[in-house]
Amino acid sequence: MQIKLGDVIRDERGREGAITNIGIATDKIDIAAEADTSLSAKEYDTDLNYVGAVTFGGNWCYFNQIEEVVKKNEFESDTEWMTWCIQN
C-alpha cells in the first residue's frame, strides 16, 4: 500500500491519525527507525517490506501494523505561478 505524509491511516489497534513521519530503519537493531542513522521519507510503498515505522496522530506503529489508508492526502503543490513569474 502506498502511504505519504498527511495521509490519514488506521492501525491494527483501531487508532487513526494523519501521518507526520515515515522512518525507515538502516540498522537491524533499530526496527522502529528511531536512531539518528534512520531515513525519513515523504512517501513509502509498504510492499517493499522495509523495516520502520510511522508516526500518526500522536501514535506510532510499524509498517506491517497499518491496516488501511482512511484518507489520502490530496494536497498538490501549485507551481504554475512560478512559470508566470518567469515569463513576466
Side-chain angles (χ1 to χ4, degrees):
M1 120 185 44
Q2 290 276 2
I3 60 171
K4 70 179 178 178
L5 296 178
D7 285 353
V8 176
I9 61 166
R10 179 180 304 121
D11 72 0
E12 62 187 16
R13 296 170 66 185
R15 303 176 298 180
E16 288 187 18
I19 297 174
T20 56
N21 185 57
I22 301 171
I24 299 172
T26 58
D27 185 325
K28 64 182 174 183
I29 296 172
D30 179 34
I31 60 173
E34 296 174 309
D36 291 338
T37 57
S38 65
L39 303 174
S40 290
K42 293 180 181 181
E43 296 182 34
Y44 174 66
D45 187 339
T46 59
D47 291 341
L48 294 171
N49 293 318
Y50 295 151
V51 175
V54 294
T55 305
F56 64 103
N59 301 297
W60 72 273
C61 70
Y62 297 112
F63 295 144
N64 65 351
Q65 295 174 319
I66 300 171
E67 285 291 317
E68 69 175 310
V69 175
V70 176
K71 182 178 181 214
K72 296 296 283 178
N73 178 1
E74 308 256 338
F75 176 78
E76 294 292 332
S77 295
D78 179 12
T79 58
E80 285 188 36
W81 64 271
M82 288 187 254
T83 305
W84 182 87
C85 290
I86 293 169
Q87 293 173 349
N88 295 306

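Hydrogens, waters and symmetry mates are skipped; everything else that's a heavy atom, side chains included, is used. Bear in mind that the values here come from a model prediction, so they are computed numbers and not experimental data.
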Task: Between CD on residue Glu16 and CZ on residue Arg10, distance to nearest 0.5 Å - done: 4.0 Å
TODO: Would you give the length of the straight line joining atom CD1 of Ile3 to atom NZ of Lys72, rounded to the nearest 0.5 angstrom?
DONE: 8.0 Å
- [ ] Taking side-chain contact (heavy atoms from CB on, under 4.5 Å) as the test, write out the residues that go with Val51, two or more places apart.
- [x] Ala25, Ile31
Task: Results of side-chain contact (heavy atoms from CB on, under 4.5 Å) for Thr26 - residues two or more places apart only - done: Thr37, Leu39
Open item on the list: Please say yes or no: joined through hydrophobic side-chain contacts below 4.5 Å, possibly via intermediate residues, are Tyr50 and Tyr62 part of one cluster?
Closed with: no
Open item on the list: Would a single hydrophobic cluster contain both Ile24 and Leu5, if residues Ile, Leu, Val, Met, Phe, Trp and Tyr are joined by side-chain heavy-atom contacts under 4.5 Å?
Closed with: yes
What are the two closest non-hydrogen atoms of [X] and [Y], and how far apart are they?
X	Y	value
Tyr44	Thr46	CE2-CA, 3.4 Å
Asp30	Ser38	OD2-CB, 4.0 Å
Ala33	Gly52	CB-CA, 4.2 Å
Lys4	Glu43	CB-CG, 3.4 Å

Open item on the list: By the definition side chain to side chain contact (heavy atoms under 4.5 Å, CB included), identify the one residue from Asn49, Asp45, Ile22 that meets it with Phe63.
Closed with: Ile22
Any side-chain heavy-atom pair of [X] and [Y] under 4.5 Å:
X	Y	answer
Ile9	Val69	yes
Gln65	Arg13	no
Phe56	Asp11	yes

- [ ] Give the other cluster members for Val70, using side-chain heavy-atom distances under 4.5 Å between Ile, Leu, Val, Met, Phe, Trp and Tyr residues; answer none if it is isolated.
- [x] Val8
